[in-house]
Amino acid sequence: MEEKIVYDFDTPVSRAGTYAEKYEARQRFFGKADVEPFWVADMDLPTPEFLVRKMQERLSHPMFGYTEQYDAIYESIKWWMSHEHGADVESAWIALSPSVVTSISLAIQAFTEPGESVALLSPVYGPFFGCTKQNRRKVADCPLKVTDEKFEIDFLALEQQLARPEVKLMLMCNPQNPGGRAWSFQCLELVVKMCAEHGVILFSDEIHSDIVYAPNKHQSVLNIPEADGIALVAHSIGKTFNTSGLQASFAIIKNPRLRSQFTIAQEHVHAMDINLLGKVALTNALSPEGAEYKRQLVAYLHENTQLVCERLRQIDGLRVMQPEATFLVWSDFRVFGDWQTVFKKLIHDANVALSGGTFFGPAGEGWFRINCAHPRSLLLSAVDRIVAEFRVERGA
Ligand SMILES: Cc1ncc(COP(=O)(O)O)c(C=O)c1O
């Protein structure tokens, strides 16, 4: 019997010399080059060795010219979507794309005209706003409600936004970043129904869908029959395998008309392929070996997020969202004053760089997001510094 690999997520791996954004951009964003970085949503945990080896094997051949979109890429995606997410996908529905954000931008170009509006549920991953505005479309924001430290959709407000004739597309973050909500089937079904009723195309960004904590389960929009005619789903190996720098993602579009509109937008900017190493990584990651890595990773991240929430709750007055999915913990620091004061205190007193809430839209102001995909010892000592600083402030 083959020996089972046990992945080591505890041993820190230095990223020095790799130009990692999370480290290199610290001076620029935080004014302090040595602050410990828990902001950018990539992991300080290693990509599995089997995957690195596959890429190394490819690198041993000395030519890196143009490549085909070979069958194995599509077979791997189909296997993963069926095995991990219970979604039966056909090769013809898949459009490779350099990144999920590229797909968002292309969907905006394909399904809306300048001056029209794109609905979103904020706070949400910043480029949902950025891509909309950069493409000269308007944001139809529908802020989420916080109930029992969980995000909930305000369906009344959403219906009002979707009913506006200028709203042509909705961007849905499923699971949700920054709040870590794994939307339920019923909730997604209602979103789909409302979009269908009002002739709005739905883009479901499912990049975080592999990192979901039991008993929660990822619900792909692909499994909602009413979504067939109106939805695009985007996924990537970037978050799950820490390969965002390889730029390998894909969109799944069941409806032929939507697919053709999307691929025409891709062709306009020549963004209908992924790079050679991305193909190797994608094909090998979305496999039984990759599923085992993911299983162990999710168990590790679950414990990390639970411990972080437990510790942060020692701070009187801090509101903490326990994520159902994602390696991100979203917390409300507003009792400690304006966000600029908290930001400085986090950087200079606690020596941690977190993502500031305004990156996720106006509804995020005063909140901060901590990335828990780090070796546990480093993560918890950073969180302990936050706890020490903010407990002192409240006189604990
Ligand atoms: C919801 C969401 N979508 C997309 C991305 C970025 O994906 P990509 O690098 O494939 O553009 C992120 C990264 O943090 C994200 O959180």
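These numbers come from a predicted model, not from an experiment. Numbering of residues begins at 1 and proceeds along the displayed sequence. Whatever order the structure lists them in is the order used to number ligands and atoms, beginning at 1.
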Hey, which atoms in ligand 1 end up nearer than 4.0 Å to a heavy atom of [X]?
X	value
C173	1 (C)
A41	14 (O)
N177	15 (C), 16 (O)

Close aromatic pair by centroid cut-off 6.0 Å: [X] and [Y]:
X	Y	value
F360	Y125	no
F30	W39	yes
F390	F333	yes

Under 6.0 Å from the six-membered ring centre of F9 and within 45° of its axis: does the NZ or CZ of R376 meet both?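 Geometry flag: not set, cation outside 6.0 Å or 45°.
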
Any side-chain heavy-atom pair of Q296 and K4 under 4.5 Å: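 Yes - at least one pair of side-chain heavy atoms lies under 4.5 Å apart.
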
Are F203 and M170 packed together at the side-chain level, in the sense that at least one heavy-atom pair is separated by less than 4.5 angstrom?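 Contact flag for F203/M170 side chains = no.
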
For atom 8 (P) of ligand 1, which of the options V124, V100, L246, T102 provides the nearest non-hydrogen atom?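 Nearest heavy atom to atom 8 (P) of ligand 1 lies in V100.
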
Using heavy atoms and a 4.0 Å limit, tell me yes or no: is K239 in contact with ligand 1?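 Yes, K239 has heavy atoms under 4.0 Å from ligand 1.
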
Against ligand 1, does S244 come closer than 4.0 Å with any heavy atom?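 It does not; every heavy atom stays at 4.0 Å or beyond.
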
Tell me, which protein residue and heavy-atom name are nearest [atom], and how many Å apart are they?
atom	answer
atom 12 (C) of ligand 1	Y125 CZ, 3.3 Å
atom 9 (O) of ligand 1	S99 CB, 4.3 Å
atom 7 (O) of ligand 1	I207 CD1, 3.2 Å
atom 11 (O) of ligand 1	V101 N, 3.0 Å

Counting only heavy atoms, which portion of H208 has something under 4.0 Å from ligand 1: side chain, backbone, both, or neither?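 H208 to ligand 1: side-chain contact only, backbone stays beyond 4.0 Å.
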
With a heavy-atom distance limit of 4.0 Å, tell me whether D205 approaches ligand 1 through its side chain, its backbone, both, or neither.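 Side chain only.
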
Is the Y293 ring parallel, tilted or perpendicular to the Y7 ring (thresholds 30°, 60°)?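 Answer is perpendicular, since the angle exceeds 60°.
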
For K22 and D44, which heavy atoms make the closest approach, and how far apart are they?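 Shortest heavy-atom contact: NZ-OD1, 3.2 Å.
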
